[in-house]
2 protein chains.
Amino acid sequence: MRAARRRADAGPPARGGERRAAGGDVATRKRVLGAATRLFAERGFRRVTVRDICEAASANVASVNYHFGDKERLYREVVEAALETVRGFADQAMNAGLAASAEEKLVHYVRAHLVRDPRSAAARRGSVLRDLFRHELSEPTPIGSHIVEQALKPRLRYLATIVEVLLEGRASDETVQDCVLSIQAQCLLPVAAPVAFDMAAPRTRAELERLARHVVAFSLAGVRARTP
Amino acid sequence: MRAARRRADAGPPARGGERRAAGGDVATRKRVLGAATRLFAERGFRRVTVRDICEAASANVASVNYHFGDKERLYREVVEAALETVRGFADQAMNAGLAASAEEKLVHYVRAHLVRDPRSAAARRGSVLRDLFRHELSEPTPIGSHIVEQALKPRLRYLATIVEVLLEGRASDETVQDCVLSIQAQCLLPVAAPVAFDMAAPRTRAELERLARHVVAFSLAGVRARTP
DNA sequence: GCCTGTATAAAACAACTGTTTGAACCGTCA
DNA sequence: TGACGGTTCAAACAGTTGTTTTATACAGGC
């Protein structure tokens with residue numbers, strides 16, 4: 001990304017051919033992608049070196065550039081995959097509760113953010129995006145705002161529909177937005193700022209359940225207080 | 001921090017003598033400190049180079065190491081100064097409202113976080129710490145947890161005393177902590193995650209005032225809902 | 001006057017970074 | 001078998017970073 005006289009486009013068969021013919025196993029590319037996913041989620045884009053990734057993947061230093069062009073395109077692919085995972089996941093959750101009341105949907109929404117079972121594979125993959133997002137918070141890059149656009153905004157829109165119902169459709173757009181922010185803040189902060197709360201915030205599953213119930217009760221009362 | 005065979009301790013007269021005798025003006029050290037404060041607040045520790053700082057301060061590359069030992073100790077001094085500024089500032093705010101009701105204190109607390117007058121010098125210096133803190137969120141370092149310890153924890157304790165009164169002293173410690181988290185989350189998120197809200201969140205002074213009023217109303221109702 | 005200690009400047013250093021190179025490897029197919 | 005094409009590898013490259021060195025300027029004490 002820094003050096004380079006000009007080139008950047010040698011690599012594999014144009015990425016899209018996807019055939020990966022010769023006996024060389026497909027494994028390397030996948031191993032690199034996996035290691036990169038784990039490391040980027042752990043430390044963020046800048047604090048991971050190409051050498052770290054390749055070592056973790058038992059691959060040569062050149063493999064990142066060979067298979068992905070450069071470090072940034074590798075990162076984009078990691079982010080894209082994480083977004084894809086979460087997308088299906090979230091659509092499903094939103095559709096599953098179509099028949100539920102607004103209160104029940106709120107319960108579901110809050111719990112989905114605050115209490116995740118770390119043993120579930122889906123949650124573990126979801127946490128990759130969450131970690132990537134957290135790192136992006138302090139270093140705004142084009143990719144960071146892409147995550148916001150793709151993952152956060154749809155959630156905010158969904159939450160707004162819930163809040164509108166809770167407000168009985170009688171409140172202004174501004175009030176809806178304010179309530180959405182209040183609720184989302186409670187869902188996001190323990191995630192966005194673990195440093196700030198790892199001493200005060202709950203850790204065990206049961207405590208997270210309690211916190212989720214609290215956030216729902218607190219927020220329902222808050223929203224009702226703003227109902228005209 | 002990376003290179004260096006061993007040494008790291010030449011520098012000025014042991015830092016503490018503070019006499020800075022000869023005609024060479026004291027200015028350089030101060031200029032470097034000022035530039036570093038601005039740049040660290042803007043971009044965080046890792047994304048600022050010693051050369052950036054020295055160029056901004058119109059000083060030689062060596063001046064950071066000469067006057068502060070190394071980049072990290074310069075950073076610590078910046079953080080320490082910002083903490084000191086905010087400390088007096090916060091103590092004063094807390095004492096000023098001793099006679100106020102819990103509701104009034106809450107109003108004051110929320111407004112202090114959400115609506116700051118950028119024209120006030122105190123607020124501008126306070127925002128340095130806020131920015132440093134924001135950058136620390138995603139890269140936990142010893143210094144980051146030091147900021148939490150020195151700046152955030154006292155606020156949480158203060159907020160807890162307010163909430164206890166609002167709960168009429170009848171709620172459990174857990175409930176108090178939950179409410180504190182709900183309120184602090186609303187105060188902190190627009191700060192911690194501007195990326196997430198710069199499209200949805202208010203920007204003008206008047207909008208921030210409105211948001212602050214909302215957060216107070218929302219939170220008061222939330223707390224009351226949790227009063228036994 | 002000279003010597004001493006502080007401050008600044010320019011250049012060099014060593015480690016680290018992303019990237020590129022050129023040779024070697026190894027299946028496939030003619 | 002031998003050329004071919006995708007893949008891997010060790011080494012090198014060029015730029016950046018924090019830090020150190022060496023030299024110089026300049027004040028005050030003797």
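Protein chains get the first letters and strands the later ones, always in sequence-line order, with residue 1 at the start of each.
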Closest of D:dT8, D:dA10, C:dG18 to the A:H67 side chain is D:dT8
To the nearest angstrom, the CG-P distance between B:D70 and D:dT20 comes to 8 Å
Residue pair B:H146 / B:R76, side-chain donor-acceptor N/O under 3.5 Å = no
Could you tell me whether B:R73 and B:E77 make a salt bridge, using a distance below 4.0 angstrom between a side-chain N and a carboxylate O?
no
Using a cut-off of less than 4.0 Å, is there contact between a side-chain N or O of A:Y66 and OP1 or OP2 of D:dT8?
no
note: B:E55, atom CD; D:dT17, atom P; distance rounded to Å ~ 11 Å
Rounded to whole Å, the NZ-C1' distance (B:K30 to C:dT8) equals 18 Å
Which of C:dG18, D:dG18, D:dA10 is nearest the side chain of A:A62? It is D:dA10
Picking from C:dA7, D:dT8, D:dT19, the nucleotide nearest the side-chain atoms of B:V50 would be D:dT19
Rounded to whole Å, CZ of B:F45 lies from C1' of D:dT17 at a distance of 11 Å
Notebook entry, point to check: Would you say a side-chain N or O of A:T28 is under 4.0 Å from OP1 or OP2 of D:dT8?
Noted result: yes
The nucleotide from D:dA10, C:dT17, C:dT19 with an atom nearest the side chain of A:N65 is C:dT19
note: B:D52, atom CG; D:dT16, atom P; distance rounded to Å ~ 11 Å
Taken to the nearest whole Å, CZ/A:F68 to C1'/C:dT19 is 16 Å
Of the listed D:dC9, D:dT19, C:dA9, the closest approach to the B:N60 side chain comes from C:dA9
Discussion item. Check this for me: A:E42, atom CD, are more than 12 non-hydrogen atoms of other residues, nucleotides or ligands nearer than 6.0 Å?
Written reply: yes
note: B:I53, atom CD1; D:dT16, atom P; distance rounded to Å ~ 17 Å
- Query: With no hydrogens and no angle check, do the side chains of B:N60 and B:S63 hold a donor and an acceptor under 3.5 Å apart?
  - Reply: no
Considering only heavy side-chain atoms of A:K71, the closest of D:dT19, C:dT20, C:dG18 is C:dG18
From CZ of B:R47 across to C1' of D:dT16 the rounded distance in Å is 15 Å
**OP:** Apply side-chain hydrogen bond (donor to acceptor under 3.5 Å, both in side chains) to B:H113 and B:R155, showing your working.
**Re:** CA-CA 11 Å; B:H113 280 83; B:R155 291 183 203 202; 3.1 Å; yes
5'-most contact on DNA chain D (nearest-nucleotide basis), B:R51 vs A:V61, goes to A:V61
